[in-house]
Q: 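So that we are looking at the same thing, I have put the structure below in structure tokens.
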Number of protein chains: 2
Amino acid sequence: MPYGDGMNARVRSEERRAEIVGAALEVIAERGYRGASLAAVAERVGLTQQGLLHYFPTKDALLVAVLQERDRWDAVPDTRWRIDLLASLVEYNAMRPAIIQTFSALLGESVTEGHPARAYFTERYAQVRENMTAVLRAEYGDRLPNGLTPERTAPLLIAVMDGLQYQWLLDPESVDMPGAFRDFLRLLGEPVE
Amino acid sequence: MPYGDGMNARVRSEERRAEIVGAALEVIAERGYRGASLAAVAERVGLTQQGLLHYFPTKDALLVAVLQERDRWDAVPDTRWRIDLLASLVEYNAMRPAIIQTFSALLGESVTEGHPARAYFTERYAQVRENMTAVLRAEYGDRLPNGLTPERTAPLLIAVMDGLQYQWLLDPESVDMPGAFRDFLRLLGEPVE
DNA sequence: TCCGCTACCTGTAGAGCGGTAGGTTTTGTT
DNA sequence: AACAAAACCTACCGCTCTACAGGTAGCGGA
């Protein structure tokens, strides 16, 4: 099957890489990063393991691409985040267990020593906390109805999202993730507009 | 007339096993379960890998022992759990990062397919949710000040504890885990006695 | 048409893994 | 003293893993 389908080499290469990253997401969801073998990822896109290494020279390089993909994915460009959009996000996540599982598994692994994703998650959470603080401040002002500051509420908000994900992944029947998250938002109180 | 003194073979064997389980906890904290090799655990207690296999015939058997150890550890026998005791527990946890890291890493891995700890965590969380529901009901009655039921609050409580642990493990300087947890308890409102 | 580059491949090195087989020393019981 | 069992050991098997080396085939540009 020749490549003459109207696309140039650069585009085809980029597409192949994206395909590989997608397969890596799946395999990591199933086996974690340490458990994910390059061969398993390669097989899923119809390559040999060595063929895959042509696109990503090391396993870590592939992980980096996976993490960048995530960054690109939930970088909502200019949208003014609002709290109720978060609820929708959680609802959306509940329909994409694979992605949630990938990053929940990675987060768990990342707390171990010398894990290649550790720095990524550390920085990411610092950034998300800042981000959420800003969102909360925009919505509530400097004090929430219950007296907490946005700075102190942000870590709780994030913790609830992550923690619910684990409970939900382990037992989706028993845990209504979006519902529980909305409950938490009610706990924060109604913004006084 | 079996074992006459206080230091018989059975006791020594049990001590050795406990020693091994302790070492396994450490290694899992550092590398996760999949990344933890029997040889690394064995070395830590001055054994060869095969010597370790004399006590635990398979790697999974060792994991089972680790999980049982945890169950034994936080099975507070008859103490009536109370909410403020939870805050103390979180404070105590903040002084034992190793144990937290072990089980955070295991929880993360456990969501992957066919992980040997998956069933354990699924059951454990179901049980803990029940437990927390009872605690909340004892403290607040059938309705919390904010209108939520104990059943719906329990998953949130657990989610906050777990989620905060990840943030804290990744960046202890930036996250005041016990403080944040107390903030969450304030969010629940004061019990009306 | 030639040439270089991309996109793969086969082969293999080198290390680490869990687990088995079977031996030997140590220990405790009789 | 005799014996059995527990507590280890050495040796090794078969597998899997990442990564390197080096080759080949086809495409695109000059």
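All chains are named by letter (A, B, ...) in the order of the sequence lines, taking the proteins before the strands, and each is independently numbered beginning at 1.
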Q: Mind checking if A/Ala36 touches a base, just sugar-phosphate, or nothing, with heavy atoms under 4.0 Å?
A: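 The answer is sugar-phosphate, as A/Ala36 gets under 4.0 Å only of primed atoms, P, OP1 or OP2.
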
Q: Quickly work out the A/Arg34 CZ to C/dA15 P distance and round it to whole Å.
A: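 Value for this atom pair: 21 Å.
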
Q: Check the distance between C/dG16's C1' and B/Leu38's CG and give it to me in whole angstrom.
A: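 Spelled out: CG on B/Leu38 to C1' on C/dG16 is 12 Å.
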
Q: Name the closest nucleotide to the B/Thr48 side chain, picking from D/dC9, C/dA7, D/dA7.
A: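 It is D/dC9.
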
Q: Separation of B/Leu47 atom CG from C/dG19 atom C1', in whole Å?
A: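 For the pair B/Leu47 CG and C/dG19 C1', the rounded distance is 16 Å.
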
Q: D/dG26 C1' sits how many Å from A/His54 NE2, rounded?
A: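 My rounded result for the distance is 13 Å.
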
Q: We want to know whether A/Tyr140 and A/Asn146 form a side-chain donor-acceptor pair, criterion being a heavy-atom distance below 3.5 angstrom.
A: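 No, because no side-chain N or O of A/Tyr140 sits under 3.5 Å from a partner of the opposite role on A/Asn146.
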
Q: Could you check whether B/Glu30 pairs with B/Arg44 (Lys NZ or Arg NE/NH1/NH2 to Asp/Glu carboxylate O, under 4.0 Å)?
A: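 Salt bridge between B/Glu30 and B/Arg44, a charged N being under 4.0 Å from a carboxylate O: yes.
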
Q: Is any NZ, NE, NH1 or NH2 atom of the basic residue among A/Glu109 and A/Arg118 found under 4.0 Å from an Asp or Glu carboxylate oxygen of the other?
A: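 No, no charged N to carboxylate O under 4.0 Å.
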
Q: When rounded to the nearest 0.5 angstrom, what is the spacing between OG in B/Ser110 and CZ in B/Arg124?
A: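 If I round to the nearest 0.5 Å, the distance is 11.5 Å.
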
Q: Taking the side chain of B/Arg16 as heavy atoms from C-beta outward, which of C/dC9, D/dC8, D/dT18 is closest to it?
A: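 The listed nucleotide nearest to B/Arg16's side chain is D/dC8.
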
Q: Is it the case that the side chains of B/Arg34 and B/Thr112 hold a donor-acceptor pair, with the cut-off being a distance below 3.5 Å and no angle test?
A: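 Result is yes, a qualifying pair exists.
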
Q: Could A/Arg137 and A/Glu151 be called an ion pair, given the rule that one side-chain N must be under 4.0 Å from one carboxylate O?
A: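 Between A/Glu151 and A/Arg137 there is a salt bridge, with a charged N closer than 4.0 Å to a carboxylate O.
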
Q: Step through it carefully: locate the ring centre of B/Tyr120, locate the ring centre of B/Tyr125, and say whether they are under 6.0 Å apart.
A: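 Ring-ring flag for B/Tyr120/B/Tyr125: false, centres at least 6.0 Å apart.
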
Q: Can you check the B/Arg31 CZ to C/dG18 P distance for me, whole Å?
A: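 In whole Å, C/dG18 P and B/Arg31 CZ are 11 Å from each other.
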
Q: Tell me whether the side-chain N/O atoms of B/Arg12 come closer than 4.0 Å to OP1 or OP2 in C/dT27.
A: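 Looking at the OP1 and OP2 atoms of C/dT27, neither is under 4.0 Å from any side-chain N or O of B/Arg12.
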
Q: Taking N or O atoms only and anything under 3.5 Å, show me the protein contacts with nucleotides 22-24 of chain D, one pair per line.
A:
none

Q: Nearest whole angstrom, please: distance from the P of C/dC17 to the CG of B/Asp60.
A: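 Spelled out: CG on B/Asp60 to P on C/dC17 is 16 Å.
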
Q: Can you tell me the distance, in whole Å, between the OH atom of A/Tyr33 and the C1' atom of D/dC17?
A: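 The distance from OH of A/Tyr33 to C1' of D/dC17 comes to 12 Å, rounded to the nearest Å.
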
Q: Taking the six-membered ring for Trp, are B/Phe121 and B/His115 closer than 6.0 Å centroid to centroid?
A: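 Aromatic pair excluded; centres sit 6.0 Å or further apart.
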
Q: Round to the nearest Å and state the distance from A/Lys59 atom NZ to C/dG16 atom C1'.
A: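 Checked: the NZ to C1' distance equals 13 Å.
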
Q: Detail all sub-3.5 Å separations between protein N/O atoms and N/O atoms belonging to nucleotides 20-25 of chain C.
A:
none

Q: Got a second to check how far A/Ile100's CD1 is from A/Tyr166's OH, nearest 0.5 Å?
A: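 Nearest 0.5 Å value for the CD1-OH distance: 10.5 Å.
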
Q: Ignoring the backbone of A/Tyr55, work out which of C/dG28, D/dC8, C/dC8 is nearest its side chain.
A: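 Selected nucleotide (nearest to the side chain): C/dC8.
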
